[in-house]
Amino acid sequence: MFASCQVIAKWLLPGFFNSWHKIDPMNFQQSELTQQVARTAADFAEQYIRPHVMEWDESQEFPLHIFKEMGKLGLMGVLVPEEYGGAGLGYFEYVAIIEEIAKVCGSIGLSLAAHNSLCTNHILTFGNEEQKRKYLPKLASGEYIGAWGLTEPNTGSDAGNMRCTANKSGDSWVLNGTKCWITHGRSGDLAVVIARTGEPRAKDNATAFIVERGVAGFAGGKKENKLGMRASETAEMIFDNCHIPDENRLGNVGDGFKQSLKILDGGRISIAALSMGIAKGAYEAAVKYSKERQQFDKPISSFQGIAFKLADMATEIIAAELLTLQAAERKNKGMSLSKEAAMAKYYASEVAVKVATDAVQVFGGYGYTKDFPVEKYYRDSKLCTIGEGTSEIQKIVIAREVLKS
Ligand SMILES: Cc1cc2nc3c(=O)[nH]c(=O)nc-3n(C[C@H](O)[C@H](O)[C@H](O)COP(=O)(O)OP(=O)(O)OC[C@H]3O[C@@H](n4cnc5c(N)ncnc54)[C@H](O)[C@@H]3O)c2cc1C
């Protein structure tokens, strides 16, 4: 009884994190720059995020101030070139940052990913010079929190069938409809919104627009009460005769859906990274606990049933990491990556769910409580197989590419 109480005392939140030691065999092939960036993100997460993880999770608080602080460190404009106020880094560094943050809190990792690789990256990739100069410095500094709206109540996987419309009226566009499940749907200062500008189901029938918070006819709607990722705000965005000037249109009329697919290719690398962070966090916690928890007068890690779980976790995490780095490398080199990004996202997200599930098993009953970290990894991990295209949709993308050859 006393021995198990001592183990518990070490692990109780937030105290056990003080004695946290990293068990991470996966940091190979990182350049000095990537390592430095990863250390910065990890230190920030330990100091400013770790102490509040469960408090934000319980209350579903979206901690806006944390994103402002991350802006000061360059984490809100990781991929944005320095000339637009960003950190000017590549996808290896971006993956490392999302992983380190998600290791500590999946919610903050998810929000950081949505801000960087969906909203900000859409403007960076498809915005004209004026739009980039106007918006990127604000997004990169954290002055603005970004949102990206594609999904609607009736169209998730089938996003091309959207009902939210934008009709031309003089020099502006009038948006009507609802977007749902939008990360920062209420708190975002600026959103990239994809709306239908052509006939339903027609080819090239969507266009992307930049919508700033405060414009008449645009409001945040219902905030979701979620299983996991609870400190990442997920909410509706409602458009009711919302007039957007034509100068806020991103690229050509009709290119919105094509643009979104390209943005999602990059976004899937970040969900793979998010998955890796969650999986590594759960794995490290499970290894540590298995060495400390005694049953039958031995650490539970000495039982093959537990040790084999850890072996599977380590192997699958490294396999997922290699897929993620492959996709990141292709993105850095400007190569096609639909298949590789879908493979990385699909495999890494399924690994995250499996590793987090097994980590709860390693912790036994204690893993089922909120006093220990693994139940949160377990809840958070599930989003990774759903957001930015479900596992089934990733398999459709992969199969399509495989069957091309
Ligand atoms: C926390 C969170 C944050 C999100 N953030 C954003 C955001 O910032 N912006 C945004 O635009 N969206 C966002 N989303 C939405 C997300 O991308 C969608 O939930 C996702 O694409 C799935 O759509 P759906 O929920 O409508 O499921 P559906 O499309 O209804 O799918 C239901 C089930 O059917 C399966 N299915 C559907 N079609 C097929 C098919 N052809 N073959 C086989 N199986 C199929 C799916 O795989 C799934 O299992 C977010 C979602 C969540 C949960």
Side-chain angles (χ1 to χ4, degrees), residues 56-57 60 62 67 98 102 105-123 139 145-164 177-196 206 208-209 211 220-239 256-257 259-268 270-272 274-275 278 341-342 345-346 349-350 352-353 376 379-400:
W56 296 334
D57 182 73
Q60 282 219 110
F62 174 58
F67 294 87
I98 298 294
C105 181
S107 296
I108 308 300
L110 172 63
S111 276
L112 194 60
H115 171 92
N116 272 287
S117 60
L118 295 181
C119 176
T120 305
N121 207 33
H122 201 133
I123 296 174
L139 288 162
I145 305 291
W148 189 79
L150 177 68
T151 308
E152 297 181 6
N154 293 308
T155 56
S157 303
D158 186 15
N161 192 25
M162 67 186 70
R163 294 181 191 181
C164 181
T178 300
K179 295 286 174 184
C180 69
W181 300 109
I182 308 306
T183 304
H184 317 143
R186 276 189 187 180
S187 299
D189 300 284
L190 177 154
V192 170
V193 178
I194 298 91
R196 186 159 58 71
F209 300 93
V211 181
K222 180 187 167 222
K223 178 176 168 176
E224 303 299 337
N225 183 3
K226 305 194 298 292
L227 167 75
M229 301 292 196
R230 288 169 60 79
S232 174
E233 180 188 273
T234 313
E236 287 176 331
M237 295 194 304
I238 299 166
F239 302 94
F257 193 61
Q259 291 176 3
S260 301
L261 294 182
K262 190 147 191 225
I263 292 305
L264 284 171
D265 280 345
R268 283 167 186 162
S270 53
I271 301 297
L274 180 69
S275 307
I278 291 171
K345 196 268 182 190
Y346 164 50
S349 63
E350 295 290 341
V353 172
K376 182 171 182 294
R379 287 185 287 110
D380 287 348
S381 66
K382 194 57 199 154
L383 177 273
C384 302
T385 69
I386 296 171
E388 299 200 30
T390 62
S391 289
E392 290 77 13
I393 296 302
Q394 303 313 309
K395 284 198 262 191
I396 290 174
V397 173
I398 298 163
R400 193 184 293 140

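For ligands, and for the atoms within them, numbers begin at 1 and follow the listed sequence. Quantities reported herein were computed from a predicted structural model and do not represent experimental measurements. Numbers here are sequence positions counted from 1.
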message: Using modelled atom types and a 3.5 Å cut-off, is there a donor and acceptor pairing between side-chain atoms of E236 and backbone atoms of G185?
response: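 Between the backbone of G185 and the side chain of E236 there is no qualifying donor-acceptor contact (under 3.5 Å).
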- request: Determine yes or no for a side-chain-to-main-chain donor-acceptor pair under 3.5 angstrom, with R196 supplying the side chain and M162 the backbone.
  value: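 Judged by distance alone, yes, a pair lies under 3.5 Å.
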- request: May I ask you to say whether R230 pairs ionically with D380, meaning some side-chain N is under 4.0 Å from a carboxylate O?
  value: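 Salt bridge absent between R230 and D380.
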message: Quick test of your reading of the model: are K179 and E152 salt-bridged, counting only N-O distances below 4.0 Å?
response: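 A salt bridge is present here (some side-chain N lies under 4.0 Å from a carboxylate O).
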field: Nearest-0.5 Å distance, CD1 of residue I386 to CD1 of residue I271
entry: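 Answer rounded to 0.5 Å: 11.5 Å.
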S111: partners by side-chain hydrogen bond (donor to acceptor under 3.5 Å, both in side chains), with sequence neighbours left out: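 Applying side-chain hydrogen bond (donor to acceptor under 3.5 Å, both in side chains) to S111 gives H184, S232.
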Inventory of protein N or O atoms under 3.5 Å from ligand 1 N or O:
residue  : atom   : partner : partner atom : Å
ligand 1 : 5 (N)  : W181    : O            : 2.8
ligand 1 : 5 (N)  : T183    : OG1          : 2.9
ligand 1 : 8 (O)  : T183    : N            : 3.0
ligand 1 : 8 (O)  : T183    : OG1          : 3.3
ligand 1 : 9 (N)  : W148    : O            : 2.8
ligand 1 : 11 (O) : L150    : N            : 2.9
ligand 1 : 11 (O) : T151    : N            : 2.9
ligand 1 : 11 (O) : T151    : OG1          : 3.1
ligand 1 : 12 (N) : T151    : OG1          : 2.7
ligand 1 : 14 (N) : W181    : O            : 3.2
ligand 1 : 17 (O) : E388    : N            : 3.4
ligand 1 : 29 (O) : S157    : N            : 2.8
ligand 1 : 29 (O) : S157    : OG           : 2.6
ligand 1 : 47 (O) : T390    : OG1          : 2.6
ligand 1 : 47 (O) : E392    : OE1          : 2.7

